[in-house]
Amino acid sequence: MMKKLKESGLSKEEIVQAYRHVLMGRRLDERLWQLTRIGKTSFNISGQGHEVGQVAMAMAFEHEKDYFLPYYRDMAPCLVWGMTPKDIMLGSLGKEDDPSSHGRQMPNHYGSKEHNIISHSSTVSTQYTVATGVAYGAQLAKKDYVTLTTTGEGSANQGEVQEAMNFAGVKKLPLIFVIENNGYAISVGRDEQYASEKLSDRGPAFGMTGIQVNGNDFVESYLAFKKVVEDARKGFGPALIEMMVTRLTSHSADDDHSVYRTKEDIENLKKNDGLLLFEKQLIDEDYLTREQMKEIDAELKKEINKATDEAEAMPDPKAEDILKEVYADN
Amino acid sequence: MMKKLKESGLSKEEIVQAYRHVLMGRRLDERLWQLTRIGKTSFNISGQGHEVGQVAMAMAFEHEKDYFLPYYRDMAPCLVWGMTPKDIMLGSLGKEDDPSSHGRQMPNHYGSKEHNIISHSSTVSTQYTVATGVAYGAQLAKKDYVTLTTTGEGSANQGEVQEAMNFAGVKKLPLIFVIENNGYAISVGRDEQYASEKLSDRGPAFGMTGIQVNGNDFVESYLAFKKVVEDARKGFGPALIEMMVTRLTSHSADDDHSVYRTKEDIENLKKNDGLLLFEKQLIDEDYLTREQMKEIDAELKKEINKATDEAEAMPDPKAEDILKEVYADN
Amino acid sequence: MAMMTYLEAIHKGIEEEMARDENVVIFGEDVGGVKGGVFGVTKGLAEMFGDDRCFNTPLTEGLIGGLAVGLGTVGYRAIGEFQFADYLLPAVNQLISEASRMRYRTQGDWTAPITFRAPYGGGVRGGLYHSQSTEKVLFGQPGLRIVTPSSPRDAKGLIKAAIRCDDPVVFYEHKRLYRLLKEDVPEDDYVVPIDKANVVREGDDITVIGYGMVLNHALKAAETLSKEGYEAEVVDVRSIYPLDKETLVKAAKKTGKVLLVTEDNLEGSVMSEISAIIAEEALFDLDSPIRRLAGPDSPSMPYALPLEREFLISEEKVLDAMRELAEF
Amino acid sequence: MAMMTYLEAIHKGIEEEMARDENVVIFGEDVGGVKGGVFGVTKGLAEMFGDDRCFNTPLTEGLIGGLAVGLGTVGYRAIGEFQFADYLLPAVNQLISEASRMRYRTQGDWTAPITFRAPYGGGVRGGLYHSQSTEKVLFGQPGLRIVTPSSPRDAKGLIKAAIRCDDPVVFYEHKRLYRLLKEDVPEDDYVVPIDKANVVREGDDITVIGYGMVLNHALKAAETLSKEGYEAEVVDVRSIYPLDKETLVKAAKKTGKVLLVTEDNLEGSVMSEISAIIAEEALFDLDSPIRRLAGPDSPSMPYALPLEREFLISEEKVLDAMRELAEF
Ligand SMILES: Cc1ncc(C[n+]2csc(CCOP(=O)(O)OP(=O)(O)O)c2C)c(N)n1
Ligand SMILES: Cc1ncc(C[n+]2csc(CCOP(=O)(O)OP(=O)(O)O)c2C)c(N)n1
Ligand SMILES: [Mg+2]
Ligand SMILES: [Mg+2]
């Protein structure tokens, strides 16, 4: 049973805005797969099936001041934080103006100085310890920003993740750790990844609240984040949230999940598609009609087309700039 | 309130033997401090205050077949496993016949091929992941040996420790993880090290039992280990035991704890001296008289004198052997 | 003989060793089950040898390192896979502090005979973190061996040698060569020596030393150069650490003109050590400065195509450098 | 001017920078509180600047690495201490994948101005894991700087330069020099350039290049040799990575006879890169092979005194090598 949308305390406008973000996440990602298939970009890795929880998560923060250290499936929350579809496109096409890395990192390595989204590498979970520094900065400066960092459930087993949680617990850092648990680390299923029932149990083991939420339940997710963000902002310390989500696609453009997921499994994925469930809820609870959704969809597609065209027209990084910004003095 | 000795299910002989090990741990370490002070050895780091729990721990294993991956304070359990005072001496004096490292590692880096004690480095806690390989070997070979590994509560925060526990949980390895919690990582106290109430809470977070025991309570410690070792041997998987102990000395010969422990703290240490508490218990529960203890003490000292003399007479490693056993073919 | 890609040859070598010795086990992220590795090197091994001997680990490279060391101490021959050579960095402490020293610090009482597999190299649009040559990070750690094959034939024989070796061996596999190279590979049980460089082409005019993708470039460039009247001696380093000094110095002395090629950055690469060895032992046989051809000193290769291309050593760049040296 | 040991000079440099810029923070195992580091380098800083700016971390080097990077991104200048250089190995992933690449991978949008302190070096009966020169593990990672002072005067100026530098800098401190060296150190606010080698002694007969303990041996040996009629040019590398090629090549050319000294293992050390640079850029100015004097290729130095002595480079060994080269 999903929590009713009105229990969120959000206005209708805000809920509709949330839907737009969720849908934009989906549609933009679909476009990126297309671009990958036709060879315009060489790689994609997507948040399909994570978007509802991701958007709920991001909406619990104040994007003007809070910091975000995402991982590669977090396109939707980066959009909530302020990045534009064009920004994402520039990254996937590896363009000079890509705000994430200026074409230096692979697609889906999100970052934006303008929007307080701190660059992450491909090496999983290093953002967890980096986030402790960002959060400690708030304490030092006596600022009330809260820091958010995310990773996958496979990556959450990296030792550094526990080191970061341990330190955050000790210093009561204003830092929200998130594990987006889609049950797979590429082909490796839950049973081979960890033995505890819930990963959120690791919260208390490191001195903080640990909450598991259903990432398909927008309100459950949003309220859980709202609470821990408020607490963190008040100085009550960090929290760990395990967000249960579904990976609807293969791991990435380099993977084919039909090798290790049965046909049945793959067919069943649709039942857990958070977008479809969210749409049903929006209709059932009278926030939007199917018609209105179609209109939004059309608008978003136009925006995506425009972003694609504009991004494609932008220049590539120049070969002669390869040594730029290796050090501060070059 | 400490558990009565007879509740251990151990015979009087076994209990007295336990006491001999505890006392030998203490006396041998005292000798090593002396040797350090007069410059015969350059370093010592000791288990004083850990011995009662350590001996209880070691007695729950079958030393002919079980493997032990100790850390530097584990002289007493190494003695229980079969190493001799002379073996220890050879290590502290850096002699060629030192079974731990043939004089190549610093003192107190215990190991013995003969006694299934696997060599550890100075880099803390790497033995935790190494121990998973040893334990996985039991499953592969369908052997029923159990593996024990230990570390300090500071070192237990290393990421690798959690990686090891996580894997052991997944594979249900016959592996007992121990944290000897003496409240200090050199000068760093508990509050700066971790925020959870008990480190044993990390057990369930990684899919295994976690038990905190009072390491000064011989029977409580012994019974806890006995149970988890039996379970592990039956294939029920790993366990984490947090053993609360006291560090009676400075961290090592290179440290002076009076800098960061108050005079009062240091005076109070004696109250938590497991050896004294154990002796009182042995007397109160009629296992030994003060007189008999003195006799034992005298015997042990003789043994230590002999071990010292014999070890001192042994040859140092030869300079020309510095490249021996870098690779299999040299 | 059978036609095999570089990837198939590695697979075959592992399969043969697992069949030959039941103490050989293999593991890593996505290594087990039906996936059999993100590149498919271990595909089928779990079915063939059981899920106990070929299995997935959680996503924790430190654990992969320690697990392998522990298995080594109790008599197994572990093959630990790092999914990408870039991702062995979280395991560096285990590799240096434990694997490479278990034997030395116990004077042989305990040993860690391990093969760590690490797919490396650029030109796959992998950007900063899926393209690296990380061998320099582990280079110069006595007790550890680093090897890499540059042909399918060597790939099979060398992985077998690594598995049988009683030392810990880091076995680098060039990702671009996986499917690019195909040749006849013996079907019988042979090993390639773990500690020998290989003169793959003889010539009297210049000496080119390299391994991996750039070695293949050098071989092709040597043919072109031959038509121009210069013959290049081409040496495959193969045993990256410890180096086979004898073969390298001999090849350097033979022509007196040495070109060292690596797709790693210029500074701090394996080629620097080779240069130092030659400068120490063959200086008076040299007719020209020891020339290194390498990537620029940027932190690995960026993703965007113009940047990746700028970073990579191409056949053309190798040929130019060889020609220049020949004409020196 | 004030007489200061190498240790006091480092302490003083940090203290001055913390007083000068409130964004400078320092942390590590035992760094805070009343202990102030196992060697006492940070003693008093917690009291002076508060427990927020000088504090203890849990025993987790990966965390120290990441914490520093994160602080850098939000405008702080972190000084992270690794208690021993041996124990930065668990943080190698953070140092290479994060610290050294934050600037590059964002083309300067995000940066990580950090100083990582690492006490290194042998001769302290520290055995295999308290004696290492781990700089070679980090060498050749563009984006990262590695420096080390070899005198108290440089120690103060260089730690200040490292803290002010907008790049991540690994600052190696030789444990044996902490209390061994004492000299007059300026009390004013000076910095030593972060990227320059230093010619510490002029001479025309041979060139000796080194850093740390062995550099001090070389300086003493040079005096002895001078009495024998040979004058040695002695160069302190100081900026280990990137190297100051210009100064090094010039010094090599000046005498044509080069001795590279390191207390690290022979193979894969920083000296190999220096040798490669000289072999590339000054080959025809050389009158003798480039000679390296280094520890044997054992995994660091064993504990037992005869073995530790065998490993270590002594003043005598340096003098012998210098004399041999001078007479070549
Ligand atoms: C340190 C490191 N090891 C391995 C990889 C290769 N890799 C990339 S994603 C991935 C699986 C991640 O799974 P999970 O954390 O569950 O995240 P998900 O992709 O499911 O969202 C792996 C093994 C990597 N990027 N970094
Ligand atoms: C990876 C690593 N970092 C730092 C050190 C230095 N060091 C040695 S012991 C120690 C404190 C250990 O404390 P704890 O784990 O509580 O064990 P205890 O000494 O109290 O038994 C430190 C920091 C080390 N040996 N290894
Ligand atoms: Mg996942
Ligand atoms: Mg402790």
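Sequence lines set the chain letters: A, B, ... in the order given, protein chains first and strands last, and positions in each chain run from 1. These numbers come from the heavy atoms of this one structure, side chains and all, not from hydrogens, waters or symmetry mates.
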Value rounded to 0.5 Å, distance of OG1 in Thr106(D) from NE2 in His102(A): 6.5 Å
Are more than 12 heavy atoms, taken from residues, nucleotides or ligands other than Glu246(D), located less than 6.0 Å from that residue's CD atom? no
Comparing Leu323(A), Asn116(A), Leu140(A) against chain D, the one with the most heavy-atom pairs below 4.5 Å turns out to be Leu140(A)
Rounding to 0.5 Å, atoms CE (Met102(D)) and OG (Ser121(A)) come to a distance of 8.0 Å
Residue pair Tyr104(D), Ile322(A): steps toward the side chain to side chain contact (heavy atoms under 4.5 Å, CB included) verdict: CA-CA 9 Å; Tyr104(D) 189 74; Ile322(A) 193 160; 3.6 Å; yes
Side chain / backbone / both / neither for Thr147(A) at chain D, heavy atoms under 4.5 Å: neither
dist Met165(A):CE -> Leu63(D):CG (nearest 0.5 Å) comes out at 12.0 Å
Under a 4.5 Å heavy-atom cut-off, does chain A meet the side chain of Gln107(D), its backbone, both or neither? both
Gap separating the CD1 atom of Ile117(A) from the CH2 atom of Trp110(D), nearest 0.5 angstrom: 9.0 Å
Show your reasoning for whether side chain to side chain donor-acceptor pair (under 3.5 Å) applies to Ser101(A) and Arg105(D). CA-CA 5 Å; Ser101(A) 77; Arg105(D) 75 176 188 228; over 6 Å; no
Tell me the closest heavy-atom pair linking Gly133(A) and Leu71(D), and the distance in Å. O-CD2, 3.4 Å
Looking only at heavy atoms and a cut-off of under 4.5 Å, which of Lys171(A), His109(A), Gln139(A) has the most pairs with chain D? Lys171(A)
Enclosure of Lys172(A) NZ (heavy-atom neighbours >12, cutoff 6.0 Å): no
Would you give the length of the straight line joining atom OH of Tyr136(A) to atom CZ of Phe55(D), rounded to the nearest 0.5 angstrom? 4.0 Å
I'd like to know which of Asp109(D), Thr73(D), Asp195(D) tops the heavy-atom pair count under 4.5 Å against chain A. Asp109(D)
Strictly by modelled atom types, are Glu98(D) and Gln127(A) linked by a side-chain donor-acceptor pair under 3.5 Å? no
Please classify the contact of Ala141(A) with chain D as side chain, backbone, both or neither, using a heavy-atom distance under 4.5 Å. both
The interface call for Thr132(A) against chain D, heavy-atom contacts under 4.5 Å, is both
Over 12 non-hydrogen atoms of neighbours within 6.0 angstrom of CD in Glu320(A): yes
With only heavy atoms counted, which part of Tyr67(A) is less than 4.5 Å from chain D, the side chain, the backbone, both or neither? side chain
Chain A interface, residue from Val25(D), Ile64(D), Asp52(D), Val69(D) that has the most non-hydrogen pairs under 4.5 Å: Asp52(D)
Neighbour count >12 (heavy atoms, 6.0 Å) for atom NZ, Lys95(A): yes
Examine whether an atom of Leu144(D) lies under 4.5 Å from a heavy atom of chain A, and if so say whether it belongs to the side chain, the backbone or both; otherwise answer neither. backbone
Derivation and outcome, side chain to side chain donor-acceptor pair (under 3.5 Å), residues Thr129(A) and Gln94(D): CA-CA 9 Å; Thr129(A) 49; Gln94(D) 271 293 335; 2.8 Å; yes
Is the NZ atom of Lys143(A) crowded by more than 12 outside heavy atoms at less than 6.0 Å? no
Where is the tightest heavy-atom contact between Gly137(A) and Tyr76(D), given as atom of each residue plus distance? O-OH, 3.3 Å
Part of Gln158(A) lying under 4.5 Å from any heavy atom of chain D: neither
Take atom CD of Glu312(A) as the centre, draw a 6.0 Å sphere, and report whether it contains more than 12 heavy atoms from other residues, nucleotides or ligands. yes
Separation of Ile194(D) CD1 from Asp329(A) CG (nearest 0.5 Å): 10.5 Å
If one checks every heavy atom of Asn93(D) against chain A at 4.5 Å, the contacting part turns out to be side chain
Counting heavy-atom pairs under 4.5 angstrom with chain D, the leader among Ser112(A), Ala135(A), Ala138(A) is Ser112(A)
Would you mind checking which part of Pro99(A) comes under 4.5 Å of any heavy atom in chain D, side chain (CB onward), backbone (N, CA, C, O), both or neither? backbone
May I ask you to name which of Gly143(D), Pro168(D), Pro242(D) has the most heavy-atom pairs under 4.5 Å with chain A? Gly143(D)
Measure from the side-chain N and O atoms of Asp167(D) to the backbone N and O of Tyr327(A), and report whether any donor-acceptor pair falls under 3.5 Å. no
Do Tyr145(A) and Val74(D) have side-chain heavy atoms sitting under 4.5 Å apart? yes
